[in-house]
Structure formats: C-alpha cells, structure tokens
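Accompanying notes for the structure given below.
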Protein chains: 2
Amino acid sequence: MSDRRSQILDAAAVLIAEHGFTSTSVDDVIKAAKLSGKSHFYHYFKSKDELGYEVLNRQFERFSERGLAVLREPMIDPLERLNLFIDSVVALQAESGGRRGSPFGNLAAELADAHEGFRVRIEAVFERWASQIRSLLWEARPQLQDDVDAVRLSRFIIAALEGAVLMTRVKRDMAVLEGIAFDLKRFIAMHGRDALVVPVVRTFE
Amino acid sequence: MSDRRSQILDAAAVLIAEHGFTSTSVDDVIKAAKLSGKSHFYHYFKSKDELGYEVLNRQFERFSERGLAVLREPMIDPLERLNLFIDSVVALQAESGGRRGSPFGNLAAELADAHEGFRVRIEAVFERWASQIRSLLWEARPQLQDDVDAVRLSRFIIAALEGAVLMTRVKRDMAVLEGIAFDLKRFIAMHGRDALVVPVVRTFE
DNA sequence: ATATAATAGGACCGTACGGTCCTAAAAGCA
DNA sequence: TGCTTTTAGGACCGTACGGTCCTATTATAT
C-alpha cells in the first residue's frame with residue numbers, strides 16, 4: 001500500500017471523525033492530504049464512497065489492535081480484561097475530551113438509513129466486535145452464572161458504550177461516560193458466579 | 001398555530017426521521033407538505049435550521065406525552081412505571097421494525113459536532129428526559145438501596161436505550177432492542193432494596 | 001371595504017459538490 | 001533507453017441546495 005494512500009486515508013479519517021462523512025467533501029480531503037487536485041485523489045480512489053469504506057475498515061483495524069486487543073490477553077483474568085477494555089474506551093474518549101465519539105456509532109446514525117453500503121459494513125463491524133466479547137465470555141464461563149446469555153450480554157455492553165459515548169459527546173462531559181462505565185462494570189460483575197444473585201425481572205401485580 | 005405550519009412540521013419530522021436533517025432538503029419538505037413553492041415555505045419559517053429546531057421541539061413534546069407520560073402515573077408503582085416506560089420504547093421502535101431509531105440520538109450523532117445550535121438543543125432534550133427519570137427514582141427511594149445514584153442511573157438508562165436503538169437500526173433486528181431492554185430491567189431491579197446483592201466492582205488480585 | 005395574511009408559481013443567484021477530462025512534468029523501474 | 005506510475009494543475013459539467021425576489025390571486029378578519 002502506497003504511502004500516499006495511507007496519508008489520504010488518515011486525513012480523511014480525522015475529517016470524517018470531526019464532521020461526519022456527508023459534511024466532509026473530497027476537496028476537504030485533498031486539502032488536508034496536500035494533494036495537487038481532484039485527479040490526484042481519483043488516481044487512488046474510484047469514488048468518495050470507496051474512500052469512506054476504507055476509512056471505516058481502517059478504523060476497525062485500529063480499534064481491534066488498540067482497544068479490542070486487551071480482550072485477548074491470555075495472561076489476564078477474562079472478566080478483568082473486560083474491565084480493562086471498558087477503561088480503554090474511556091481513556092480513548094478522554095483524549096478528545098469526549099468530543100470525538102465512536103467512529104462506528106457516528107457513521108451508523110448518519111448513514112444507516114440513507115446508505116445501504118455503509119449500513120452493512122457497520123453491521124459487520126458491530127458483529128465482529130460482539131464476537132470478540134462473546135469469545136471472552138465463553139472463556140470466562142467457569143466464573144459466570146450458568147444462565148448467562150453471551151449474545152445478549154455482548155450486545156448490551158456495546159450498546160451501553162455506544163450510547164454513553166454519544167451522550168458524552170452531546171453533553172461535552174467525560175463524567176457521563178465515566179459514570180456509565182462504572183455502572184456497566186457493576187452490571188457485568190452481577191453475572192459472576194460469586195455474585196449473590198439478583199432477582200429476575202420483577203413483576204408487580 | 002396555523003394548520004399549515006403543523007402540516008409542514010409533521011412532514012418534515014417524517015423526512016428527517018427517515019433520512020436525517022442534512023439529507024432532507026427544503027424542496028423535499030415542500031413536496032411532502034404540498035406547498036406551492038419556496039416562498040410558501042419561507043412564509044412560515046425563516047430558515048431550514050429554524051424548521052429543524054421546531055421539529056426537534058415537537059418530537060420531544062410528543063415523546064413526553066406519549067412515552068415519558070407513564071413515568072408520571074401516580075397510581076402505579078414507580079419501578080413498575082420504569083419497566084413500562086422501557087416497554088413503550090420497545091413498542092415504539094417495533095412500529096417501524098426498528099428502522100426509525102431515536103429522533104434525538106440520530107440528530108445528536110449527525111449534528112453534535114457540526115452544528116452548535118442543534119447540539120445545545122439536543123443536550124437540553126436529554127437533560128429533560130433524565131430529569132423525569134430522576135424524579136421517578138426519588139419517588140421510588142423507599143424501595144431502592146440507599147446508595148443509588150439517581151443522576152448516574154438515569155444517564156445509564158438513557159444511554160443504554162439510545163445505544164440499543166442505534167444498534168437495532170443498524171442490524172435491522174428488533175431482537176437486539178428486546179434483549180437490551182430485558183437486561184436493562186434486570187440492572188434496574190438490582191438496585192432494589194430487596195435485591196440481595198451485588199458485588200461492588202470487583203478487584204482482581 | 002380595506003388591510004393583512006395565506007396561497008400560488010416561477011425566475012433567479014451563488015455556492016458547493018462529486019466526478020470527468022486533458023495536458024504535462026517528474027520519478028521509478030525495466 | 002523506454003515504459004509506467006505518480007504528481008501537478010486546471011477547465012469543465014451537471015446537479016443540488018438554501019435562499020431571495022417578484023407578481024398575482026384568494027381568504028380572512030376588522
């Protein structure tokens with residue numbers, strides 16, 4: 001992969017993270033990546049959409065290496081890894097003061113309805129993410145209660161984090177994310193075999 | 001408030017819910033509301049942004065009457081009201097097969113960075129929403145553990161729902177929302193005075 | 001009856017955008 | 001040396017968009 005291509009993808013990633021995909025014009029990308037003009041850009045990418053797809057791919061790869069990686073650390077207790085992962089999400093958002101948001105969630109909300117090509121790719125991202133959490137939960141099985149539903153729990157974790165990051169961005173306040181991260185850890189701990197249980201969903205007559 | 005104005009706001013609400021604010025053009029709104037032309041539209045609204053603000057306002061009012069209302073029902077047990085509210089969110093999404101998403105979360109993700117005017121208005125929406133949940137939690141105080149943090153819990157509930165709705169929209173699968181709603185209810189139940197329970201966040205060696 | 005607001009419809013403007021095309025100079029490689 | 005890729009830069013096109021302006025006609029309320 002050529003140097004120039006990476007440069008373009010990096011520049012585009014920043015712009016898209018800051019302003020969204022639709023609001024980022026090809027000319028903006030050209031300026032940010034210091035290209036000579038449109039033809040220079042279209043020498044590397046066949047369309048703006050293709051650029052977007054590749055940026056999304058890269059974002060997930062980065063996230064997989066830098067964030068999700070801890071989920072696979074074999075020397076650490078699985079449930080502890082999950083806590084560390086949640087902490088890493090908080091830390092990542094802290095870098096931008098909670099202003100950046102999730103590169104996946106942002107695109108999802110922006111394009112899920114309008115652009116099928118993006119929708120399926122974002123769906124795949126969430127699925128791969130969920131799948132890594134499921135593996136971890138499977139590994140943590142001996143420490144978990146028998147009736148833990150890994151599919152449901154993995155989705156819950158992702159939804160809570162995505163929602164938290166979104167609210168944090170709107171309120172411009174990291175405390176929102178920190179609080180939710182704290183509660184999310186408690187919710188996970190509640191599934192431990194040693195957690196003295198927990199009522200099933202209560203019914204009020 | 002004139003009839004025509006409402007008509008325009010309703011049409012715009014649908015379009016914005018379907019395609020987002022940016023992707024909804026004034027001409028689209030004109031066509032959907034069967035106006036005669038641009039001047040007809042600008043007779044009622046001074047700009048597209050103003051239209052957007054009013055639509056957002058209306059969406060929250062509707063949500064407050066139709067969704068949040070149950071939180072205030074004085075004859076029902078407070079915690080049960082919370083469960084009913086969560087069910088109503090699920091039911092509302094079910095109407096569109098989970099495709100609609102949250103009118104607030106969608107706008108938030110689309111415009112939080114790009115458009116300060118919307119950002120502050122969306123922030124206000126989340127705040128009003130959280131405040132209603134906080135009131136309910138205060139009312140439910142006798143049934144809750146003493147250390148329940150209403151601010152934190154109310155944010156958690158909103159974040160989980162917003163994240164759930166977003167993921168559901170991406171996956172086009174109501175089961176996602178249903179599962180998360182189920183877990184969310186369990187999490188809330190965990191704060192009950194009668195819940196035996198529950199480890200504080202675990203520390204590993 | 002008269003003023004005001006609502007409806008109708010079209011011309012127009014400036015700007016931005018994604019994308020194409022064309023020419024030509026450097027750079028890299030065989 | 002030649003051939004291909006990369007860089008450079010500009011002209012151009014069609015379309016879409018938010019917004020303004022202008023002219024009329026029809027309702028509505030005072």
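Each chain gets a letter, A, B and so on, in the order its sequence line appears, and its residues count up from 1.
Atom CG in A/D3 sits roughly 18 Å away from atom P in D/dT5 (whole-Å rounding). Atom CG of A/D49 is separated from atom P of C/dG18 by 10 Å (rounded to the nearest Å). Atom CD1 in A/I8 sits about 11 Å away from atom P in D/dT6, given to the nearest Å. Between A/E50 atom CD and C/dG19 atom P the separation is 10 Å, expressed in whole Å. Rounded to whole Å, atom P of C/dA27 lies 13 Å from atom CZ of A/R4. To the nearest angstrom, C1' of D/dT6 lies 16 Å from CZ of A/F41. As a whole-Å value, the separation of B/Y42 OH from C/dA6 P is 18 Å.
A donor-acceptor contact closer than 3.5 angstrom is absent between the side chains of B/R121 and B/H115.
The pair A/E123-B/R172 fails the salt-bridge criterion, with no side-chain N (NZ, NE, NH1 or NH2) lying under 4.0 Å from an Asp/Glu carboxylate O. With respect to B/E178 and B/K185, no salt bridge is recorded, no charged nitrogen being found less than 4.0 Å from a carboxylate O.
Between B/F85 and B/W129, the ring planes lie perpendicular to each other; the angle is over 60°, past the 30° to 60° tilted range.
Listed by chain and number, the residues in a side chain to side chain contact (heavy atoms under 4.5 Å, CB included) with A/S25 are A/D27, A/D28 (sequence neighbours excluded). Residues forming a side-chain hydrogen bond (donor to acceptor under 3.5 Å, both in side chains) with A/S96 (at least two apart in sequence, or on another chain): none. The side-chain hydrogen bond (donor to acceptor under 3.5 Å, both in side chains) search around B/D146 returns B/R193, not counting sequence neighbours. For A/S47, the side chain to side chain contact (heavy atoms under 4.5 Å, CB included) criterion is met by A/D49, A/E50, not counting sequence neighbours. Shown here are the side-chain hydrogen bond (donor to acceptor under 3.5 Å, both in side chains) partners of A/R134, two or more places apart in sequence or in another chain: A/E127.
The 5' end of DNA chain C is approached more closely, in terms of each residue's nearest nucleotide, by B/H43 than by the other of B/H43 and A/S47.
Residue B/Y44 places at least one side-chain N or O under 4.0 Å from the OP1 or OP2 atom of C/dT7. Proximity of A/R5 to the phosphate of D/dT5: no side-chain N or O atom is located under 4.0 Å from OP1 or OP2.
Screening residues 103-112 of chain B for side-chain hydrogen bond (donor to acceptor under 3.5 Å, both in side chains) gives B/T22-B/E110, B/N106-B/R169 as the qualifying pairs, with residues at least two apart or on separate chains.
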Between protein and nucleotides 9-13 of chain D, what N or O pairs are separated by less than 3.5 Å?
{"unit_1": "D/dG9", "atom_1": "O6", "unit_2": "A/S39", "atom_2": "OG", "d": "2.3"}
{"unit_1": "D/dG10", "atom_1": "O6", "unit_2": "A/S39", "atom_2": "OG", "d": "3.0"}

Between side-chain atoms of residues 69-76 of chain A and protein atoms elsewhere (two or more places apart, or another chain), which donor-acceptor pairs fall under 3.5 Å?
{"unit_1": "A/R72", "atom_1": "NE", "unit_2": "A/Q132", "atom_2": "OE1", "d": "2.9"}
{"unit_1": "A/R72", "atom_1": "NH2", "unit_2": "A/S64", "atom_2": "O", "d": "3.0"}
{"unit_1": "A/R72", "atom_1": "NH2", "unit_2": "A/S64", "atom_2": "OG", "d": "3.0"}
{"unit_1": "A/R72", "atom_1": "NH2", "unit_2": "A/Q132", "atom_2": "OE1", "d": "3.4"}

For residues 10-21 of chain B, which side-chain N or O atoms pair as donor and acceptor with protein atoms under 3.5 Å away, sequence neighbours left out?
{"unit_1": "B/D10", "atom_1": "OD1", "unit_2": "B/R58", "atom_2": "NH2", "d": "2.9"}

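For the helix from C/dA1-D/dT30 to C/dC29-D/dG2, the angle separating the two terminal helix axes comes to 20°, with each axis derived from five pairs and the value rounded to 10°.
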- [ ] Would you check, one step at a time, whether the test ring-ring contact (aromatic ring centres under 6.0 Å, His included) holds for B/F63 with B/F104?
- [x] CA-CA 10 Å; B/F63 180 60; B/F104 316 127; 5.6 Å; yes

Open item on the list: I'd like to compare against my own output: the B/S/- annotation of nucleotides 24-30 of chain D with a strict under-4.0 Å heavy-atom distance to protein.
Closed with: -------

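Residues from residues 12-34 of chain A that place a heavy atom under 4.0 Å from any atom of DNA chain D: there are none.
Atom CD1 of B/I158 is separated from atom CG of B/L161 by 8.0 Å, given to the nearest 0.5 angstrom.
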